[in-house]
> 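Sending over a structure as structure tokens; questions will come in a sec.
Here is how names work: the chains are called A, B, and so on, in the same order as the sequence lines, proteins then strands, and each is numbered from 1.
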Amino acid sequence: MYTTDLNDKGRKPTAVNPSTEDPERLAAFEARVAADDFIEPKDWMPEAYRKTLVRQISQHAHSEIVGMLPEGNWITRAPSLRRKAVLLAKVQDEGGHGLYLYAAAETLGTSREEMIEALHSGRAKYSTIFNYPTLTWADIGAIGWLVDGAAIMNQVPLQRTSYGPYARAMVRICKEESFHQRQGYEIMMTLAAGTPEQKRMAQDALNRWWWPSLMMFGPPDDNSPNSAQSMRWRIKRETNDQIRQRFVDVTVPQAEAIGLKIPDTALVWNEARGSYDFGEIDWEEFYAVVRGEGPLARERMSARVTAWEDGAWVREAAMAHAAKHEMRVAAE
Amino acid sequence: MSSEWPLWEVFVRAKNGLAHKHVGSVHAADARMAIEAARDTYTRRLEGVSLWVVPSAAIAASDPGEADALFEPAADKVYRHPTFYSIPEHIKNI
């Protein structure tokens, strides 16, 4: 789960002055990327490419890790043992996805601790979607169906991203993500076919998660400052609006099939475009959530920081134990 | 001083008969913990029957800047491939 572009509004592109880079190396790099060659960790790369990747991959990793919180909230209250086992497996997957991505970012010269510090201090962003609350069990269905569905849309093109370790992490993640979406849709399907109250729960969850899910694709193309360069460098393979449109087009029929209504009065099939037209997204809300004004932003970070600090003694003890063991082996 | 756990590279044997293949890395205080972390991170769906973990610091790698010098000379030695030699159709089993 994640979003492609979490930049603050009006943020300047991170391009460094090209004159600071060796022009010959830069040209060779650009040519390789344009030819769809993969860039690997020890290869030369422009500083701006490295920085953009560290930002994008670490934000992606943070989103996976923070994304465990809203769903973890329901593990003890899952309605059956089957649902509980599934949710546990899904949340464990999200943790795994975070780890693949942190490891990919580390190949660019940043450290795990630096990234975690950036998250906890608020310098690094994570997907705005996780600052919304999970109020009922139906929210677990809506998250799997919509949030993981949106994530898949974002992530599939990234399997061909130009940075090798990132692309390989995305291949693993995409393979695992499909189960997340299907289990979510199954929850929604079951609720929608249940009692009137259960169906109302499903509709209510769709109403609350629909717009935040559309926001996951990031700002509209004309207001996405880093997009052009990221596309040229194959860090991004499709624009925010292209992927958002595809998500709407595949999701609307899925809602109709189980008798749920997309909460958008402007939604209409456009025969000429072969796509759905949809309503205006409330970007003020999006930027407010990016700035950390989401309903649960503070609670999410406090949960992360507490987990990190409470685990400090375990990390230290493990290192001390390993050092002692090594000394003993050396002495033998 | 950083107390960050060292990095380990993880290799998985998908099934007996195949070689171990690099799949990613984990942080762990020691080898045993690295194997446990690798198991949880990289084999949640029957991806393997055996794991290797190697301290990342122990891996020496070739320099991408020398890739041409190292690997390019093989390109003009096509005579190392069987298709370089033309053998008449009627000669069999060769």
> Check the surroundings of atom CZ in B:Arg39: do more than 12 heavy atoms from other residues, nucleotides or ligands lie under 6.0 Å from it?
no
> Are A:Glu176 and A:Tyr100 linked by a side-chain donor-acceptor pair shorter than 3.5 Å?
yes
> Applying a heavy-atom distance below 4.5 Å, give me the residues of residues 15-25 of chain B that approach chain A, sorted by number.
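At a heavy-atom separation under 4.5 Å, chain A is reached by B:Val23, B:Ser25.
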> Using modelled atom types and a 3.5 Å cut-off, is there a donor and acceptor pairing between side-chain atoms of A:Thr161 and backbone atoms of A:Ile235?
yes
> In terms of side-chain heavy atoms, does A:Gln183 have a donor or acceptor partner in A:Trp145 at a distance below 3.5 Å?
no
> Can you check whether B:Ala31's main-chain N or O pairs, donor with acceptor, with B:Trp8's side chain at less than 3.5 Å?
no
> Given heavy-atom pairs under 4.5 angstrom as the criterion, report whether the side chain, backbone, both or neither of A:Arg172 touches chain B.
side chain
> Minimum heavy-atom separation for A:Ile140 to A:Pro70, with atom names?
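Taking A:Ile140 first and A:Pro70 second, the nearest heavy atoms are CD1-O, 4.3 Å.
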> Is A:His60 close to A:Ser127 at the side-chain level, that is, under 4.5 Å between some pair of heavy atoms?
no
> Do A:Leu119 and A:Gln59 come within less than 4.5 Å of each other through their side chains, counting heavy atoms only?
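They are not in side-chain contact.
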> Side chain to side chain contact (heavy atoms under 4.5 Å, CB included) for A:Arg55 and A:Lys125? Distances and angles first, verdict last.
CA-CA 9 Å; A:Arg55 195 190 70 226; A:Lys125 303 291 181 196; over 6 Å; no
> Can you tell which part of B:Ala61 gets under 4.5 Å to a heavy atom of chain A, answering side chain, backbone, both or neither?
both
> Only heavy atoms, only distances under 4.5 angstrom. Which residues in residues 45-60 of chain B are near chain A?
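Contacts with chain A: B:Arg45, B:Glu47.
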> Decide yes or no for A:Ile65 and A:Ile116: does some side-chain heavy atom of the first lie under 4.5 Å from some side-chain heavy atom of the second?
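No, every pair of side-chain atoms sits at 4.5 Å or beyond.
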> Contact between A:Arg83 and A:Glu186 at the side-chain level, heavy atoms closer than 4.5 Å - yes or no?
yes
> Less than 4.5 Å apart, side chain to side chain, heavy atoms only: is that true for A:Met45 and A:Trp233?
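A:Met45 vs A:Trp233: side chains apart.
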> Give a yes or no on whether the backbone of A:Ala118 and the side-chain of A:Ser121 come within a donor-acceptor separation of less than 3.5 Å.
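Indeed, once roles are kept as given, a pair shorter than 3.5 Å links the two residues.
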> Are there residues of residues 317-331 of chain A whose heavy atoms fall under 4.5 Å of chain B's heavy atoms? If so, which?
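Residues of residues 317-331 of chain A touching chain B at under 4.5 Å: A:Ala318, A:Met319, A:His321, A:Ala322.
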> Could you tell me whether B:Ile91 atom CD1 has more than 12 heavy atoms of other residues or ligands within 6.0 Å of it?
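Result for CD1/B:Ile91: enclosed.
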> As a test of understanding, state which of A:Gln159, A:Arg160, A:Met153 forms a side chain to side chain contact (heavy atoms under 4.5 Å, CB included) with A:Val156.
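The side chain to side chain contact (heavy atoms under 4.5 Å, CB included) with A:Val156 is passed solely by A:Gln159 among A:Gln159, A:Arg160, A:Met153.
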> Heavy atom to heavy atom, less than 4.5 Å: which residues from residues 103-111 of chain A reach chain B?
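Counting heavy atoms that sit under 4.5 Å from chain B, the residues of residues 103-111 of chain A involved are A:Ala103, A:Glu106, A:Ser111.
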> Check the pair A:Ile152, A:His180 against side chain to side chain contact (heavy atoms under 4.5 Å, CB included), reporting the backbone distance first and the verdict last.
CA-CA 10 Å; A:Ile152 292 171; A:His180 298 178; over 6 Å; no
> Is there side-chain contact between A:Phe29 and A:Glu21, with heavy atoms separated by less than 4.5 Å?
no
